[in-house]
2 protein chains.
Amino acid sequence: MSERPSSSSSNPPNTPSQEHPAVAVDVVIFMIREGRLQVLLVKRRYPPFEGRWAIPGGFVHIDESLEDAARRELREETGVEDVYLEQLYTFGRPDRDPRMRVISVTYFALLPAGEIDVRAGDDAADARWFPVDDLPPLAFDHREIIEYALTRLRYKLEYTDVGFQLLPAEFTLTELQRAYEIVLGEQLDKRNFRRKILQSRILRETGRLRAGEGRPARLYEYRSDVRLQVKARRLFP
Amino acid sequence: MSERPSSSSSNPPNTPSQEHPAVAVDVVIFMIREGRLQVLLVKRRYPPFEGRWAIPGGFVHIDESLEDAARRELREETGVEDVYLEQLYTFGRPDRDPRMRVISVTYFALLPAGEIDVRAGDDAADARWFPVDDLPPLAFDHREIIEYALTRLRYKLEYTDVGFQLLPAEFTLTELQRAYEIVLGEQLDKRNFRRKILQSRILRETGRLRAGEGRPARLYEYRSDVRLQVKARRLFP
DNA sequence: CCGCCTTAGTGTTCAGTACACACTATATTA
DNA sequence: TAATATAGTGTGTACTGAACACTAAGGCGG
């Protein structure tokens with residue numbers, strides 16, 4: 001980037017101050033399970049906050065990009081590759097880690113609904129899913145990070161097509177609507193929902209049906225090739 | 001944050017890998033000048049990219065928050081305090097700085113239109129404003145950063161009230177409309193613009209007038225106490 | 001096998017907002 | 001005082017959002 005050093009020496013400053021912050025990557029992993037929006041947490045095996053729940057994360061390796069580090073963490077806890085991942089925010093309060101200065105670049109991931117066997121990483125004693133509205137006490141500023149991720153997810157859900165990332169490849173319109181209702185925390189109108197989503201041409205009917213308790217439902221798949229244009233309602237004309 | 005170390009030792013990992021990235025903060029500073037949207041660039045005094053233009057930035061001090069570091073950079077180049085500042089994105093490609101691994105946490109700032117005397121910091125040979133649509137070759141990945149900041153600014157302009165940060169305390173409706181037109185790069189309808197903005201109650205008439213070539217215009221000020229609610233046009237009902 | 005239960009699927013009306021569009025008002029200046 | 005320049009104002013039309021209830025199709029139990 002640029003290189004004004006911490007100490008304002010008058011020599012060409014080619015290195016930063018000796019003591020610089022550590023850089024960690026933490027990932028808020030969302031999934032719809034049991035009809036609720038849940039996040040994956042790991043139980044810390046070592047101090048600080050030993051025994052507390054935390055979002056998965058770790059230090060970034062010297063030769064990997066930030067996103068690669070986030071994907072590595074994701075893979076270590078869940079085994080999944082190729083899921084939706086987006087940078088969220090970088091948290092850097094000097095006192096956010098009691099041991100030392102740590103900058104945390106946070107990401108959020110969306111996993112498609114379905115069964116995933118989570119595994120605790122080396123430094124975790126356990127790994128579990130928790131509903132976002134029923135979280136245990138968390139380590140560091142991780143609650144703040146999850147709240148922020150949730151705000152962003154809800155926001156993006158309303159004006160982008162990111163919500164499809166929470167569903168498996170094939171789904172019914174009712175399942176899609178449920179996913180939206182679960183994340184947004186409000187009921188949606190069935191006819192308006194279906195009309196609008198079908199008009200958007202973002203779904204393709206697969207031709208298959210899913211049998212269930214009542215009338216079988218048509219199955220659809222997400223057309224990632226259709227670039228969805230959603231205009232924000234403009235503040236000014 | 002969390003502390004999986006780079007090396008997967010089996011001991012309690014209380015420190016990150018010895019070698020960790022440096023953390024820099026870079027700030028894209030926007031201002032409307034001479035009827036165009038401009039950014040402040042500094043000319044690098046030292047390698048790498050010696051003599052090239054770059055956005056102002058530097059390494060974060062060990063005991064200051066990221067935002068404090070950004071405000072410090074801003075103050076060093078422009079002398080301003082208390083202006084709009086928002087975290088943009090964190091860039092971390094391993095090869096983005098040829099010297100070493102550097103993570104750049106970027107911010108963007110909006111300065112109110114008016115005269116500002118910019119000063120080159122210690123490690124800069126010069127500091128100048130450049131129109132965003134006429135940038136010189138830039139150091140590092142700074143062009144990408146500016147493009148990203150511009151996208152975000154235009155986007156936020158349409159659905160938040162962030163645009164007022166580009167205007168001085170008192171302004172006419174025509175000046176406000178011009179600011180929007182300059183940033184968005186398109187013409188807006190005068191009557192629709194005025195109706196919508198006055199309906200929003202976000203402006204207060206100061207009672208003063210600004211004389212000029214034609215009929216004097218009423219002066220307004222921004223009411224930061226009015227929380228502006230702008231709903232995005234929802235993808236789904 | 002048929003009636004009941006359960007979920008899927010479908011249109012219309014009303015209200016609010018977006019957008020297009022042209023003239024009058026008030027000051028300065030020649 | 002006439003010309004020029006900018007400020008300020010209202011209406012009609014088209015579209016989009018929101019509210020709302022019934023029919024269709026399959027499964028299951030009597």
Side-chain angles (χ1 to χ4, degrees), chain A residues 35 113 155 157-161 163 167 170-182 184-221 228-237, chain B residues 35 113 157-161 167 170-182 184-221 228-237:
Chain A
Y155 195 64
L157 204 66
E158 295 201 348
Y159 68 94
T160 74
D161 54 1
L167 291 163
E170 243 187 5
F171 49 85
T172 68
L173 291 182
T174 300
E175 288 165 352
L176 179 61
Q177 186 179 339
R178 287 284 168 275
Y180 271 81
E181 290 174 340
I182 287 166
L184 297 177
E186 62 181 305
Q187 300 279 106
L188 301 176
D189 181 87
K190 187 173 170 182
R191 278 170 293 188
N192 291 340
F193 183 84
R194 292 163 102 94
R195 174 170 7 90
K196 193 148 185 181
I197 200 170
L198 292 175
Q199 272 175 4
S200 77
R201 312 292 311 152
I202 204 173
L203 295 187
R204 189 194 338 260
E205 220 181 307
T206 64
R208 284 185 287 278
L209 296 176
R210 170 163 306 161
E213 265 196 278
R215 172 175 172 176
R218 289 191 249 241
L219 287 165
Y220 293 83
E221 61 189 0
L228 189 53
Q229 305 283 41
V230 184
K231 287 203 282 195
R233 178 176 297 160
R234 306 176 93 193
L235 178 48
F236 305 117
Chain B
L157 204 65
E158 296 202 346
Y159 68 94
T160 74
D161 54 0
L167 291 162
E170 244 188 4
F171 49 86
T172 69
L173 290 182
T174 299
E175 288 166 352
L176 180 62
Q177 186 179 341
R178 287 282 168 276
Y180 271 81
E181 290 173 340
I182 287 166
L184 296 177
E186 62 181 304
Q187 300 279 107
L188 301 176
D189 181 86
K190 186 174 171 180
R191 279 170 291 186
N192 293 338
F193 183 85
R194 293 163 100 93
R195 176 171 3 92
K196 193 150 183 179
I197 201 172
L198 291 175
Q199 272 175 5
S200 77
R201 314 291 314 150
I202 204 171
L203 294 187
R204 188 194 338 261
E205 221 181 308
T206 64
R208 285 184 286 277
L209 296 176
R210 171 163 306 162
E213 264 198 278
R215 171 175 172 177
R218 289 191 249 240
L219 286 165
Y220 293 83
E221 61 189 1
L228 189 53
Q229 304 284 40
V230 184
K231 286 203 283 195
R233 180 175 295 161
R234 305 176 95 195
L235 176 48
F236 304 116

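Below, chains carry the letters A, B, ... as their sequence lines are ordered, and counting in each starts from 1. Heavy atoms only: backbone and side chains are in, while hydrogens, waters and symmetry mates are out.
- When each of A/Arg210, A/Arg204, A/Glu205 is paired with A/Leu219, the side-chain contact (heavy atoms from CB on, under 4.5 Å) condition holds for A/Arg210 and for no other.
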Polar atom pairs (N or O), protein with nucleotides 12-14 of chain C, under 3.5 Å:
residue: C/dT12; atom: O4; partner: A/Arg195; partner atom: NH2; Å: 3.3

Please assess A/Tyr220 against A/Leu198 for the test side-chain contact (heavy atoms from CB on, under 4.5 Å), listing each intermediate value before the final yes or no.
CA-CA 10 Å; A/Tyr220 293 83; A/Leu198 292 175; 4.0 Å; yes
Take A/Glu181 and A/Arg178 through the salt bridge (charged side-chain N to carboxylate O under 4.0 Å, His left out) test and state the conclusion after the steps.
CA-CA 5 Å; A/Glu181 290 174 340; A/Arg178 287 284 168 275; 2.8 Å; yes
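- C/dA18 atom P lies 14 Å from atom CD1 of B/Ile197, rounded to whole Å.
- When rounded to the nearest whole Å, the span between CZ of A/Arg178 and C1' of C/dA8 equals 12 Å.
- Rounded to whole Å, the distance from CD on B/Gln177 to P on D/dT9 is 14 Å.
- B/Leu157 contributes atom CG, which lies 4.5 Å from atom CG of B/Leu184 (distance to the nearest 0.5 angstrom).
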The test is side-chain contact (heavy atoms from CB on, under 4.5 Å); show your working for A/Thr172 and A/Arg218 and say whether it passes.
CA-CA 6 Å; A/Thr172 68; A/Arg218 289 191 249 241; over 6 Å; no
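- Summarising the geometry, the separation between CZ on B/Arg210 and P on D/dG8 is reported as 12 Å, rounded to the nearest angstrom.
- Looking at every heavy atom in both residues, B/Lys190 comes nearest to B/Gln177 through CA-OE1, 3.7 Å.
- To the nearest angstrom, C1' of C/dA8 lies 12 Å from CD of A/Glu175.
- Just one of B/Arg195, B/Lys196, B/Arg194 meets the side-chain hydrogen bond (donor to acceptor under 3.5 Å, both in side chains) condition when paired with B/Asn192; it is B/Arg195.
- The distance from atom CG of B/Leu209 to atom C1' of C/dA25 is 13 Å, rounded to the nearest whole Å.
- For the pair B/Arg191 and C/dA22, the criterion of a side-chain N or O lying under 4.0 Å from OP1 or OP2 is not met.
- Atom CD in B/Glu205 sits roughly 11 Å away from atom C1' in D/dG8 (whole-Å rounding).
- Between A/Ala211 and B/Glu213, the residue anchored nearer the 5' end of DNA chain D, judged by the nucleotide with its closest heavy atom, is B/Glu213.
- Side-chain N/O atoms of A/Lys196 and base N/O atoms of D/dG17 include no donor-acceptor pair closer than 3.5 Å.
- Nearest to the side chain of A/Asp189, among D/dG8, C/dC21, D/dC20, sits D/dC20.
- Closest contact between the side chain of A/Pro216 and the listed nucleotides D/dC20, D/dG8, D/dG26 involves D/dG26.
- Atom NZ of B/Lys190 and atom C1' of C/dC19 are 17 Å apart (whole Å).
- Note on A/Arg218: a side-chain N or O is less than 4.0 Å away from OP1 or OP2 of C/dG9.
- Nearer to the 5' terminus of DNA chain D, by closest-nucleotide assignment, is the contact made by B/Thr174 (compared with the other of A/Arg215 and B/Thr174).
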